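Values reported hereafter were calculated over all heavy atoms of this structure, with side chains retained and with hydrogens, waters and symmetry mates removed. Note that the coordinates shown come from a computational prediction; the quantities given were computed from them, not determined experimentally. Every number for a ligand or one of its atoms is a count from 1 in the order of the listing.
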Amino acid sequence: MLLLISPDSVDEALDCAKAAEHLDIVDVKKPDEGSLGANFPWVIREIREAIPADKPVSATVGDVPYKPGTVAQAALGAVVSGATYIKVGLYGCTTPEQAVDVMRGVVRAVKDYRPDALVVASGYADAHRIGCVNPLALPDIARRSGSDAAMLDTAVKDGTRLFDHVPPEVCAEFVRRAHEAGLLAALAGSVKAGDLAELTRIGTDIVGVRGAVCEGGDRDAGRIRPELVAAFRAEMDRHAREHAAAVSAAS
Ligand SMILES: O=C[C@H](O)COP(=O)(O)O
């Protein structure tokens with residue numbers, strides 16, 4: 001499982017860089033503009049320059065409306081700025097057809113510019129609170145649009161978590177559908193170290209985290225701490241070892 005960490009500024013990304021050996025993807029966002037709020041192009045560029053070249057930079061394009069042209073242009077901005085994971089939060093899409101429309105535009109805009117960049121179609125575990133597409137529709141939306149990954153995060157950061165809205169067995173079905181479609185499955189939403197056993201067991205490819213690696217567990221007032229990133233990674237590695245041992249004992 002890969003660890004994606006979301007700094008909100010160049011300063012925080014520099015703290016991520018201090019823990020670079022413990023993380024896999026640096027995800028640029030602007031949390032004060034929403035769960036998948038988009039940051040400025042120059043921030044993406046500066047963060048790309050600040051972190052080791054072997055660590056991919058991801059950028060969120062926003063909690064987007066159903067405006068395929070606008071979103072495709074924003075996604076191009078993210079990839080031109082140096083991100084190679086382009087994450088789109090399908091906030092304003094109320095049907096899978098609308099979501100596929102948006103993501104097809106993004107895939108074309110991104111891959112015409114940089115064919116090796118990965119496009120991530122993100123829905124929300126708490127979709128019922130905001131009226132957007134159902135979490136389990138995401139793998140098919142990602143497949144139909146030519147995206148590379150399906151993701152879930154939470155839209156409302158009020159302390160409720162991924163598993164509060166989409167229980168582990170439903171997340172397992174999400175991962176199963178994503179893999180069946182040949183996609184990566186990414187999960188986030190106030191994930192804590194205590195969720196890692198389940199996330200590992202169900203075969204999650206990427207776990208996205210912010211609050212759990214911020215001081216005081218506070219994604220807004222706290223700042224990402226390198227030692228918390230290292231501790232979270234140690235827990236991930238422990239669960240990976242335990243899971244591998246259990247699988248081999250059962251076979
Ligand atoms: O993509 C990951 C998100 O930034 C997760 O943030 P969170 O762990 O604070 O919900």
Side-chain angles (χ1 to χ4, degrees), residues 1-9 12-13 15-16 19 22-39 43-44 47 51 55-64 75 78 83-91 118-127 129-130 135 138 142 147-166 171 174-175 178 184-196 198-199 204-225 228-229 231-233 235-236:
M1 186 157 67
L2 300 178
L3 176 58
L4 173 148
I5 302 281
S6 306
D8 64 1
S9 62
E12 259 197 356
D15 280 335
C16 286
H22 305 294
L23 59 84
D24 301 293
I25 304 165
V26 174
D27 177 48
V28 185
K29 62 171 55 164
K30 196 165 181 293
D32 61 357
E33 289 196 17
S35 158
L36 275 82
N39 215 318
V43 172
I44 300 172
I47 289 179
I51 64 154
K55 298 294 171 189
V57 166
S58 156
T60 48
V61 171
D63 296 310
V64 307
T84 48
Y85 281 68
I86 309 298
K87 284 166 63 186
V88 179
L90 295 162
Y91 194 95
L118 299 179
V119 174
V120 182
S122 184
Y124 302 90
D126 50 352
R129 300 172 102 180
I130 55 170
L138 262 297
S147 302
D148 302 283
M151 179 162 191
L152 293 179
D153 199 335
T154 45
V156 185
K157 300 290 183 181
D158 62 352
T160 62
R161 323 214 333 258
L162 171 69
F163 289 154
D164 295 330
H165 302 291
V166 180
C171 284
F174 176 91
V175 171
L184 296 170
L187 292 169
S190 302
V191 164
K192 294 198 189 325
D195 302 323
L196 288 170
E198 288 289 15
L199 291 169
T204 311
D205 298 297
I206 302 172
V207 59
V209 174
R210 176 173 171 80
V213 295
C214 285
E215 48 207 0
D218 186 334
R219 73 187 318 275
D220 300 316
R223 187 177 155 126
I224 293 177
R225 299 298 317 156
L228 296 177
V229 175
F232 196 87
R233 182 46 171 250
E235 276 301 283
M236 283 177 66

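By the 4.5 Å heavy-atom criterion applied to side chains, Arg129 and Asp158 are counted as neighbours.
The environment of OH in Tyr91 is sparse: at most 12 heavy-atom neighbours from other residues, nucleotides or ligands sit within 6.0 Å.
If you look at ligand 1, the protein residues with a non-hydrogen atom under 4.0 Å away are Leu4, Ser6, Asp27, Lys29, Lys87, Met151, Asp153, Lys157, Ala188, Gly189, Ser190, Gly208, Val209, Arg210, Gly211, Arg219.
The closest donor-acceptor contact from the side chain of Thr154 to the backbone of Arg161 lies at 3.5 Å or more, if one exists at all. With hydrogens and angles disregarded, no donor-acceptor distance shorter than 3.5 Å links the side chain of Asp24 to the backbone of Leu4.
For His165, the ring-ring contact (aromatic ring centres under 6.0 Å, His included) partners are His128, not counting sequence neighbours.
Using a cutoff of 4.0 Å between basic side-chain nitrogens and carboxylate oxygens, Asp153 and Arg210 are not scored as salt-bridged.
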